[in-house]
Number of protein chains: 2
Amino acid sequence: MFSSSGYGDLELLNQCWHEFGGSDGVSRDGLLLSSSSSPSERVGGKNENCEAKALAALKNHSEAERRRRERINCHLSTLRGFVASTHHKMDKATLLAKVISQVKELKKNAMEASKGFLIPMETDEVKVEPYDTKLGYGCMSYMATICCDYQPEILSDLKTTLDALQLQLVKSEMSTLERRMKNVFVFTCCKGDNSNIVNVEACQSIASVVHKALGSVLEKASTSMEFALRTSYPNKRRRMC
Amino acid sequence: MFSSSGYGDLELLNQCWHEFGGSDGVSRDGLLLSSSSSPSERVGGKNENCEAKALAALKNHSEAERRRRERINCHLSTLRGFVASTHHKMDKATLLAKVISQVKELKKNAMEASKGFLIPMETDEVKVEPYDTKLGYGCMSYMATICCDYQPEILSDLKTTLDALQLQLVKSEMSTLERRMKNVFVFTCCKGDNSNIVNVEACQSIASVVHKALGSVLEKASTSMEFALRTSYPNKRRRMC
DNA sequence: GAATACACGTGATTC
DNA sequence: TGAATCACGTGTATT
């Protein structure tokens, strides 16, 4: 009924009490309804009244428009706070473009994180891939994945294998569903936060080493599982993808 | 040097080839530089030239401004596609507000997902809490967390416990770091996708049952760990938070 | 017809 | 200087 989206100056003040006193040089009080020289020479009470009314309407109009602008700019400045880029004010257009790319990135990450990232697949898999883009560390990092049937022994196998590799683990996550499991490790090649520049080739060789190690773990688990299946259960799913 | 953000009509066309032919009633060709009646009565080649120049500048100005508006509105309509709300066009301000809340939500989720969600804490913990808000399923769901020192036995303990409870698991994730582990289960109370309305009290009782079960698992692990520590290692960290 | 939202052209300002 | 952005008031359409 009133403001089409429930907005008012109150909301505006609540959410946007920052970034004022900027380049907004509006006086916010100059009413300008005084002594407008009548454009035409006609005189008369009716015309005067009508004229004053129109003038008041015009004033209302411009004020409403100003409010609308303030509302939009307020949200814009909030967004400007989000992208949190360097130093001084960005273009409106550039700002919006950044917001768009940020939303895209966030959505992509959310998608990746929520579905499929840690849900075990139906096919066995070992994978090692770059993981740089995540938080912009500038540090070379990789994500290793192993997905297979769950067996208690495989965990200690993995642990000893990773310990032997002496990786700089960022995180290690595991997910189980039904009888499948998926294990994800993120590791980097740089020790501290300061050494941003790292030896890329060394990283890649480490990645291939990790891949091989995980592959042998999977292989071992696979054969032991095949043995178990052959001895106790009828044949079931099994094969690398 | 040129465009402060590297933008041009090319970029604009690349990214924004949708939402044209809208309410934009501009003719885009009316040059209006013809036959402007001279405002003052002075005549002379110099004045005429100057006047034409000023007029051309004005035209350039307004055109540039129009391009700027188009750029902004283009990005705005891209964002409008993101919020993907119902039916017909939203306010610019409302749209931006929605974008803001969406970015906030996405950031919150990303934060939660990336750091702390699956990173084991230093203190032991069992927790069962509602998990409704995640994807808006409208189905009552809970997230159960158990965090403690890693021991191989605890996994089979957890498995048997959860199997006994016959939960409707959505996902089950585990994370290890150093010698700590954290295990997260998400489970629901409704079997299929269609039965959105579920028995809330039943859910809550299930939640408390799950909490108790996990608590006993933790307790068992804790005592066995204490035993192991007492027999082999000097005393270490141990206590519920 | 009041209220609202948008596009437009223009003056001011900055680099 | 010109090219860029911005805030402003106004015209116009939709409700």
Side-chain angles (χ1 to χ4, degrees), chain A residues 1-9 11-12 19-33 36 39 49-50 52-77 79-80 87-98, chain B residues 1-9 11-12 19-33 36 39 50-77 79-80 87-98:
Chain A
M1 269 309 171
F2 16 87
S3 176
S4 79
S5 56
Y7 281 154
D9 290 359
E11 192 273 349
L12 196 145
E19 178 153 325
F20 273 115
S23 64
D24 187 1
V26 75
S27 65
R28 194 170 283 199
D29 48 5
L31 293 199
L32 88 73
L33 43 59
S36 68
N49 190 13
C50 181
K53 216 168 183 177
L55 216 58
L58 210 60
K59 181 171 88 72
N60 271 343
H61 186 35
S62 70
E63 274 186 351
E65 178 64 11
R66 216 197 62 230
R67 277 196 300 272
R68 172 177 165 272
R69 274 196 304 267
E70 268 179 6
R71 230 161 49 215
I72 294 176
N73 285 335
C74 157
H75 289 146
L76 244 33
S77 89
L79 285 173
R80 193 167 274 125
H87 42 284
H88 55 304
K89 266 171 105 180
M90 269 170 58
D91 246 350
K92 278 184 185 178
T94 313
L95 167 66
L96 287 176
K98 286 223 177 226
Chain B
M1 269 308 169
F2 18 86
S3 174
S4 78
S5 56
Y7 280 156
D9 290 0
E11 193 274 349
L12 196 146
E19 179 153 325
F20 274 115
S23 62
D24 187 2
V26 76
S27 64
R28 196 171 283 199
D29 48 6
L31 294 197
L32 87 74
L33 46 57
S36 69
C50 181
E51 189 175 308
K53 215 167 182 178
L55 216 57
L58 210 60
K59 179 170 89 71
N60 273 341
H61 184 35
S62 70
E63 274 186 351
E65 178 65 10
R66 217 198 64 232
R67 277 196 300 272
R68 172 179 165 270
R69 273 196 304 266
E70 267 179 7
R71 230 160 50 218
I72 293 177
N73 285 336
C74 157
H75 289 146
L76 243 33
S77 88
L79 285 173
R80 193 168 274 125
H87 44 283
H88 52 313
K89 267 171 102 179
M90 269 168 59
D91 247 350
K92 278 184 185 177
T94 313
L95 166 66
L96 288 176
K98 286 225 177 224

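Since the model is a prediction, treat every value here as computed from it, not as a measurement.
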Rounded to whole Å, how long is the line connecting atom [atom1] of [X] with atom [atom2] of [N]?
X        : N       : atom1 : atom2 : value
Glu70(A) : dC8(D)  : CD    : C1'   : 12 Å
Asn60(A) : dT10(D) : CG    : C1'   : 14 Å
Arg68(B) : dT14(C) : CZ    : P     : 16 Å
Arg67(A) : dC8(D)  : CZ    : C1'   : 15 Å
Met90(A) : dC6(D)  : CE    : C1'   : 15 Å
Leu76(A) : dC6(D)  : CG    : C1'   : 12 Å
Lys59(B) : dG2(D)  : NZ    : P     : 15 Å
Glu65(B) : dG11(C) : CD    : C1'   : 11 Å

Out of dA5(C), dC6(D), dC6(C), whichever nucleotide has its closest atom nearest the side chain of Arg71(A): dA5(C)

Report the nucleotide, chosen from dC6(D), dG11(C), dT10(D), that has the shortest atom-to-atom distance to any side-chain atom of Asp91(A). dC6(D)

Distance (rounded to the nearest 0.5 Å) between [X] [atom1] and [Y] [atom2]:
X        : Y        : atom1 : atom2 : value
Asn73(B) : Leu79(B) : CG    : CG    : 11.5 Å
Lys92(A) : Arg69(B) : NZ    : CZ    : 11.5 Å
Lys59(B) : Leu55(B) : NZ    : CG    : 9.5 Å

If only side-chain N and O atoms of [X] are considered, is one of them under 4.0 Å from the OP1 or OP2 phosphate oxygen of [N]?
X        : N      : answer
Asn73(B) : dC6(C) : no
Lys53(A) : dG1(C) : no
Arg69(B) : dC8(C) : yes

Nearest heavy-atom contact between His75(A) and Ala93(B) is ND1-O, 3.2 Å

Looking only at heavy atoms, the pair that brings Lys98(A) and Met90(A) closest together is CG-CE, 3.7 Å

dG11(C) base to His61(B) side chain: any donor-acceptor pair below 3.5 Å? yes

Can you tell me the base-pairing partner of dA13(D)? Count Watson-Crick or G-U wobble geometry only, both distances below 3.5 Å, and say none if there is no partner. dT4(C)

